[in-house]
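Report on one structure; see the data block that follows.
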2 protein chains.
Amino acid sequence: MKNGSPQSAATRHSHRPASPAAQQPSRRPRGLKTRRTILRKAVNIASLEGLEGLTIGRLATTLRISKSGLFAHFGSKEDLQCAVVDEARDIFVEKVIRPAWHFKGLRLLRALCENWLSYGEQKVFPGGCFFSAASLEFDDRPGPVRDRIVGLMKKWLGNLEHAARDAQAAGEIREDVDVHQLAFEIQALAMGGNWSSRLFRDPAAFRSAQAAILRRIDQVTTTEQSRK
Amino acid sequence: MKNGSPQSAATRHSHRPASPAAQQPSRRPRGLKTRRTILRKAVNIASLEGLEGLTIGRLATTLRISKSGLFAHFGSKEDLQCAVVDEARDIFVEKVIRPAWHFKGLRLLRALCENWLSYGEQKVFPGGCFFSAASLEFDDRPGPVRDRIVGLMKKWLGNLEHAARDAQAAGEIREDVDVHQLAFEIQALAMGGNWSSRLFRDPAAFRSAQAAILRRIDQVTTTEQSRK
DNA sequence: TAATAGAACGAACGATCGTGCTATTATCCA
DNA sequence: TGGATAATAGCACGATCGTTCGTTCTATTA
């Protein structure tokens with residue numbers, strides 16, 4: 001859209017061929033491994049410099065790969081950005097959601113919060129929470145990248161809310177609690193911890209966030225459930 | 001740093017000549033008015049596209065001004081960004097801090113929160129809270145721009161904390177409350193409201209933030225002060 | 001062995017970036 | 001009124017942006 005391209009690129013390379021069926025461990029076109037390598041590095045750079053600051057030339061240089069060779073994996077910068085978001089989501093699911101997914105109700109809610117905070121604290125992404133940065137960077141840039149981010153964040157908030165609702169049904173959280181509001185507050189406090197950690201280089205930032213979240217959760221639990 | 005500039009620019013135009021002393025209302029070099037016009041527009045663009053996405057060429061085009069003429073006002077892009085941050089701070093002080101500054105203690109704290117929320121809700125900046133976006137954009141870019149943002153945010157949090165401490169000394173807030181933590185939580189919830197408003201286009205976002213902040217404040221006030 | 005497809009490369013494109021010089025215009029004081 | 005000074009415009013620069021093209025290398029398949 002910026003450069004007047006006479007013919008639209010990216011007609012091939014539609015999307016990641018992450019085929020769910022028939023996935024032999026290593027008998028795969030060699031390009032997928034390269035693509036993976038590119039995306040890992042790209043996610044790290046993007047978490048530091050932003051999805052727009054992520055540049056194809058720089059990415060290729062740091063990977064010692066030709067710019068055109070790298071570009072051919074994606075077909076457009078927008079597709080690359082989408083792929084980076086997907087890659088970051090995979091990492092997030094791996095680190096935050098999956099380790100907690102066997103819990104239910106209040107235990108699940110607590111585990112999600114704990115995992116999120118340690119995900120932020122142990123710098124899974126070198127530039128802090130990828131999605132905090134990306135959602136604020138793209139909140140005014142319509143397009144598929146923004147749509148993807150919105151979808152992911154809605155799903156994440158939905159997970160928090162759903163866990164809280166289950167806890168409510170199980171009698172662990174009081175009936176009069178607005179679980180949507182609760183999810184919002186948890187998310188805001190967590191992102192606040194990330195913000196304070198990144199901006200002030202405050203090592204206690206995530207502890208502050210954790211304290212606030214735990215207190216908030218304790219406030220909404222029924223008496224027999226309080227203090228874990 | 002990106003372009004190999006043989007000689008450093010911006011030796012003149014050190015900084016905004018906002019002289020504290022002897023400031024006649026209108027007898028000033030005419031260039032300041034233009035500078036003002038530029039910065040107003042620049043702040044709006046930057047709140048939408050980010051401080052790095054703010055481009056001198058585009059800014060000049062939308063203002064129907066030559067690029068070099070605009071550039072001469074600042075001397076470097078970094079200086080422009082610093083000036084934009086300062087301009088945004090002036091607007092923030094005008095809209096949020098000054099209208100509350102005659103209050104003290106708990107009243108001040110409440111007024112600051114209310115003003116912040118209405119500052120976010122009524123879109124003082126078209127792209128949402130300028131500082132939320134800028135602090136996440138620059139948290140990994142060392143330099144004077146980041147330093148400025150850090151300083152401003154520290155001062156703002158200090159204001160919240162100071163008001164809470166005064167309220168504590170006046171017996172309006174309980175003695176056992178960690179006012180630093182309280183300031184952090186208020187700020188996190190407020191920024192969360194901004195985040196939800198921008199990303200989801202959620203008209204109820206600031207209401208959610210307000211509800212959370214008011215409840216939190218009520219929790220720390222002494223009984224005789226609760227419910228305003 | 002020949003044919004084919006995928007992966008990576010080098011070179012180049014038009015555009016735009018920030019920046020620097022030089023000339024022209026507007027403004028103000030003597 | 002003229003001359004100094006400040007403000008703006010014009011033009012060009014090197015670099016880098018995303019993107020395209022044609023080619024080469026490699027590996028699988030016929």
Ignoring hydrogens and angles, write down the donor-acceptor pairs under 3.5 Å from the side chains of residues 38-49 of chain A, residues two or more places apart or on other chains.
from, atom 1, to, atom 2, distance (Å)
A:Arg40, NE, A:Glu87, OE2, 2.8
A:Arg40, NH2, A:Glu87, OE2, 3.2
A:Ser47, OG, A:Asn44, O, 3.0
A:Ser47, OG, A:Gly127, N, 2.9

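In this view, B:Phe138 satisfies the ring pair (Phe, Tyr, Trp, His ring centres under 6.0 Å) rule with no residue, not counting sequence neighbours. Residues satisfying the salt bridge (Lys or Arg N to Asp or Glu O under 4.0 Å) test with B:Glu94, not counting sequence neighbours, are B:Arg98. Qualifying side chain to side chain contact (heavy atoms under 4.5 Å, CB included) partners for A:Cys113, counting only residues two or more places apart in sequence or in other chains: A:Ile186, A:Ile213, A:Ile217. Residues meeting the side chain to side chain donor-acceptor pair (under 3.5 Å) test with B:His162, sequence neighbours left out: none. Partners of A:Arg146 by salt bridge (Lys or Arg N to Asp or Glu O under 4.0 Å), not counting sequence neighbours: none found.
Here B:Thr34 reaches the OP1 or OP2 of D:dT8: one of its side-chain N or O atoms lies under 4.0 Å away. At least one side-chain nitrogen or oxygen of A:Thr55 sits closer than 4.0 Å to the OP1 or OP2 atom of D:dG18. Residue B:His73 has a polar side-chain atom (N or O) positioned under 4.0 Å from OP1 or OP2 of D:dT8.
Note on residues 196-214 of chain B: pairs passing salt bridge (charged side-chain N to carboxylate O under 4.0 Å, His left out), not counting sequence neighbours, are A:Asp140-B:Arg198, A:Asp140-B:Arg201. Screening residues 182-194 of chain A for salt bridge (charged side-chain N to carboxylate O under 4.0 Å, His left out), with sequence neighbours left out, gives A:Glu185-A:Arg216, A:Glu185-B:Arg215. Sorted by first and then second residue, the salt bridge (charged side-chain N to carboxylate O under 4.0 Å, His left out) pairs involving residues 121-131 of chain B (not counting sequence neighbours) form an empty list.
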Scan nucleotides 22-25 of chain C against the protein and return all N/O pairs shorter than 3.5 Å with their distances rounded to 0.1 Å.
none

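Between A:Leu80 atom CG and D:dG18 atom P there is a gap of 9 Å when expressed in whole angstrom units. Taking atom CG on A:Leu54 and atom P on D:dT16, their separation rounds to 16 Å, with Å as the unit. The CD atom of A:Glu52 sits 12 Å away from the P atom of D:dC17 (whole-angstrom rounding). Between the CG atom of A:Leu70 and the P atom of C:dG10 there is a distance of 13 Å, rounded to whole Å. At whole-Å resolution of the value, CZ in A:Phe74 and P in D:dT20 are 15 Å apart. Here the P atom of nucleotide D:dA9 and the CD1 atom of B:Ile56 are 15 Å apart, to the nearest Å. Remark: P of C:dA8 and CZ of A:Arg35 are 12 Å apart, rounded to the nearest angstrom. Going from atom CZ of A:Phe71 over to atom C1' of D:dG22 covers 16 Å, rounded to whole Å.
Classified by interplanar angle (parallel below 30°, tilted 30° to 60°, perpendicular above 60°), the ring pair B:Phe125/B:Phe131 is perpendicular. Classified by interplanar angle (parallel below 30°, tilted 30° to 60°, perpendicular above 60°), the ring pair B:Tyr119/B:Phe92 is perpendicular.
Of all the residues in residues 58-69 of chain B, B:Ile65, B:Ser66, B:Ser68, B:Gly69 reach under 4.0 Å from DNA chain D with at least one non-hydrogen atom.
Each end of the helix from C:dT1-D:dA30 to C:dA30-D:dT1 gets its own axis from five base pairs, and the two axes differ in direction by 10°, given to 10 degrees.
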